[in-house]
Amino acid sequence: DFESFVMTDQDDKAIVYYLSLTSSERADLLGLDGYFDTIQPMLNDLKISPIVDKVSDCGTDNPYPIVRIAVQTTSDMDEVTNLVNTLLSSNAGLCGGTCGGGPGCTAKASKGASSGEVVVTGVDSPKAFAAVVVGDEGLEGHVRGVSADMPVIKDNTDAAWIVQSGNRTDVDSHTPFWDRGITGSGVTVGVADSGLDHQSCYFYDSSNQVSFGTASVGGRSVGLHENLSSRKVVQYVAFYDIGEPKAQYLDVPGNLASDMFPYAKRVGGNIHTNSWGSDANVYSGGARQIDEYTFDNQDFLVLVAAGNSGGDSPGGSQFPGSLGSPATSKNCLAVGATENENVAGSLGFNDNDLAYFSSRGPAYDGRIKPDLVAPGYFIKSANSAEFPSNGHCSFTDMAGTSMATPVTAGAAALVQQYFEDGFYPKGKKTASDGFKPMGALVKAVLINGAQRILPSAGPNANFQSSDWPNMDQGHGVVELDATLNFHDAFKQQGLYARGNFNDMGKTTFSTASDPPVEVKFKSTGVECHGGEDKQFRATLSWFDRPASGGSARSLVNDLDIVVTGSDNSVHYPNGGTGRDNLNNVESVAFTPTNGVEYTVKISVDSMSEDAPQPYAYVVSGCFESPDRPNEGGGIFGGDLPWKEIGYAAGGIAAVALLAFVGVMGMRAFAGRTPRRNNAYKAGGYKTKSPMANRRSSAQARRSGGGSFTTGTG
């Protein structure tokens, strides 16, 4: 059990950097013949976290700079604190400003069983102070690393409005779902990650504390917590906690379909978020297992982080095809990352720009991946404490598609609640209208409302493609109210959706010879709110059968959607000029012509066998929904016509809408961080980058495995 060194990989070399080693420890390391390429003393520069370079000096953007000095376990904390105070007093330029209530700095030490830290507040320049600390001879043998806190700003408030509405102003609302009581409360989301600090105030429940019994899982006895009365953590299963102490790689179950997903489902979880993966762009066993489970469980949606290998620097080179598995799954929702709004004024971040590290498609067989993107650079999340106590509220800023994925999972939870609470089709909560949405409907809603970002939109220009959808951003940034509507919203768009899990027979093709489904809509010419350029959008999604392992082309059952107009216009999906025979999500988007009647047609092109293939779809735009008759004060004030003609095998009242707001993702999850080498090592699952390996072990345990009930409480 070594506490005096860190292991990392750099340029594909395994390196041990040590602060101090006993002779026996060194002998043990050297005895691992061929395992490490290099064993060498810790370099001072490597003790400084890359986050330090991102933090502004004392000023408007960072009025309370905080620097954290991680201290060697064997060091005397009083001695180290005295050395830090001596350093501060002998360098007047470090604390001469008024930051943190200065002039002057404060240094406070804390120590636990495994490590300690000295927290310094009020320094003028975190970067300059960090350099002085690692260069001080007296501290050299004590300091494990130096990091800094990002300014405490409204990171997650920004992610919430970006995902819910994309609305920066106070016209209407930043957060229309929260405002109407759709907070994810009561929705259970499964999580697989590197561990959970269940004592964090974001999860802690004094009346229902996490306690472990035992259960037989996969033929072996494991620790298990399960309590449906818990405020947040309703289940902790060791198969979900896939982290290994002080290890880069994760212990992922051999079969996700049998050994992971069922445990979330048995406590009511129909959304499962996964911020991990490998860098292999193949149809892996994990990808196939996701397809297998979601095909067999059509109410279950799996989200997977796309990866962090998409680029080497802001505005720098980008790497097509850097998507990792199991985000290559057909049925999963693969999530890339955008920059967050105004993370710190000096960083120049823009929510209309892709995060440079976000992994790019296409998937190995040419499919569009990622499916969409969400804020992930930076996101403030609950953090494990080095010295946990019940109800502590530690948090940290992190970046990665692993942050964007739980943000999107939160949006999916809002979509699920929207349908289950009966907001469709009337746009107001009506218990008798509630239904359980298919996972394909939730996915369709999220994709249908996604808003594209243009190459010129952000200052860093982290992608060049102007096609849409494309392999950088998929279908765009999650924006829930671009599809889902409310009866009291001003000039709200029309909505039509199908995908009721409890009545899937109405949205299922039984054979390849089944007749097509046709639904007609007339463009009103009346301005309405909802998405880009008041577009007419129609999105079809189906959870396809799993393909054979190693298949060169993963699509098995091929469905189609096309929109035709009474003006003889034809609109094909996914930005194409013909039918799509690769993807199992097909989305049509165009600016309609006033007065034209449009027909949405869904059909079967081919099926592998005569066995049922369920599907879901959603249509949005400036039309009156056939599911929502005029009520003299509805979305358009009761003055607009609607029309539905001859839909053959179609239809059950179910809407596919995308929603997530960070009740979970923004507060509870941290994931893999961007790295400039490969984001993952082939042959293993990994979440950490070199910078992550230099973080404390608490951050390595930071985010959750298990199932959580979302909510604002």
Side-chain angles (χ1 to χ4, degrees), residues 9 12 192-194 242-243 247-254 256 260 272-291 302-312 317-338 354-374 376-377 398-406 408-409 462-463 470-474 547 549-551 554 669-690 692 703:
D9 62 318
D12 294 323
D193 214 306
S194 57
I242 55 179
Q248 275 187 319
Y249 296 97
L250 300 173
D251 183 12
V252 178
L256 306 179
M260 180 182 284
H272 202 283
T273 183
N274 302 271
S275 291
W276 50 268
S278 79
D279 65 353
N281 189 347
V282 297
Y283 193 58
S284 64
R288 188 185 188 280
Q289 291 153 16
I290 291 174
D291 290 346
V302 177
L303 298 91
V304 182
N308 302 315
S309 301
D312 59 7
S317 299
Q318 290 134 39
F319 308 128
S322 49
L323 180 80
S325 63
T328 52
S329 156
K330 295 175 293 183
N331 298 344
C332 82
L333 188 72
V335 183
T338 63
L354 201 68
Y356 75 88
F357 52 77
S358 185
S359 286
R360 319 302 169 99
Y364 72 96
D365 56 355
R367 284 177 291 120
I368 297 170
K369 291 287 179 176
D371 293 293
L372 44 70
V373 292
Y377 186 24
M398 296 191 71
T401 57
S402 287
M403 308 305 291
T405 303
T408 307
N462 289 325
F463 68 102
N470 60 49
M471 303 303 177
D472 297 315
Q473 60 178 300
S551 296
S554 64
F669 306 118
R672 59 196 180 210
T673 53
R675 58 180 292 170
R676 297 191 181 183
N677 298 326
N678 291 335
Y680 317 102
K681 280 290 188 184
Y685 294 111
K686 179 165 75 168
T687 63
K688 300 179 197 172
S689 67
S703 66

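Keep in mind that what you see is a predicted model, and the values were worked out from it rather than measured.
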Least distance between heavy atoms, [X] atom then [Y] atom:
X: Phe357; Y: Gly376; value: CZ-O, 4.1 Å
X: Pro406; Y: Ser275; value: CD-OG, 3.7 Å
X: Ala404; Y: Ala374; value: CB-O, 3.3 Å
X: Cys332; Y: Ala327; value: SG-O, 3.7 Å
X: Pro370; Y: Ala334; value: CB-O, 3.5 Å

Is any side-chain heavy atom of [X] closer than 4.5 Å to a side-chain heavy atom of [Y]?
X: Asn274; Y: Thr405; answer: no
X: Leu354; Y: Gln318; answer: no
X: Tyr364; Y: Leu323; answer: no
X: Ile290; Y: Arg288; answer: no
X: Leu372; Y: Val335; answer: yes

Problem - Results of side chain to side chain donor-acceptor pair (under 3.5 Å) for Asn331 - residues two or more places apart only - result: Thr294, Asn584
Problem - side chain to side chain donor-acceptor pair (under 3.5 Å) involving Arg367 - partner list, sequence neighbours excluded - result: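 Here the qualifying residues are Asp365, Ser554.
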Rounded distance (nearest 0.5 Å) linking atom [atom1] of [X] with atom [atom2] of [Y]:
X: Phe319; Y: Tyr356; atom1: CZ; atom2: OH; answer: 10.5 Å
X: Met260; Y: His272; atom1: CE; atom2: NE2; answer: 5.5 Å
X: Thr273; Y: Leu303; atom1: OG1; atom2: CG; answer: 5.5 Å
X: Asp291; Y: Leu256; atom1: CG; atom2: CG; answer: 11.0 Å

Exercise for the section: Please report the C-alpha distance between Ser358 and Thr401 in whole Å, then the side-chain angles of each, then the deciding distance to 0.1 Å, and finally whether the side chain to side chain donor-acceptor pair (under 3.5 Å) criterion is met. Expected result: CA-CA 6 Å; Ser358 185; Thr401 57; over 6 Å; no
Practice task
Just grab all the salt bridge (Lys or Arg N to Asp or Glu O under 4.0 Å) pairs involving residues 325-337, residues at least two apart or on different chains.
Solution key: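 Output for this query lists Lys330-Asp544.
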Keeping [X] on the side-chain end and [Y] on the backbone end, is there a donor-acceptor pair under 3.5 Å?
X: Asn281; Y: Gly321; value: yes
X: Lys369; Y: Ser329; value: yes
X: Ser359; Y: Ser309; value: yes
X: Ser325; Y: Val282; value: no

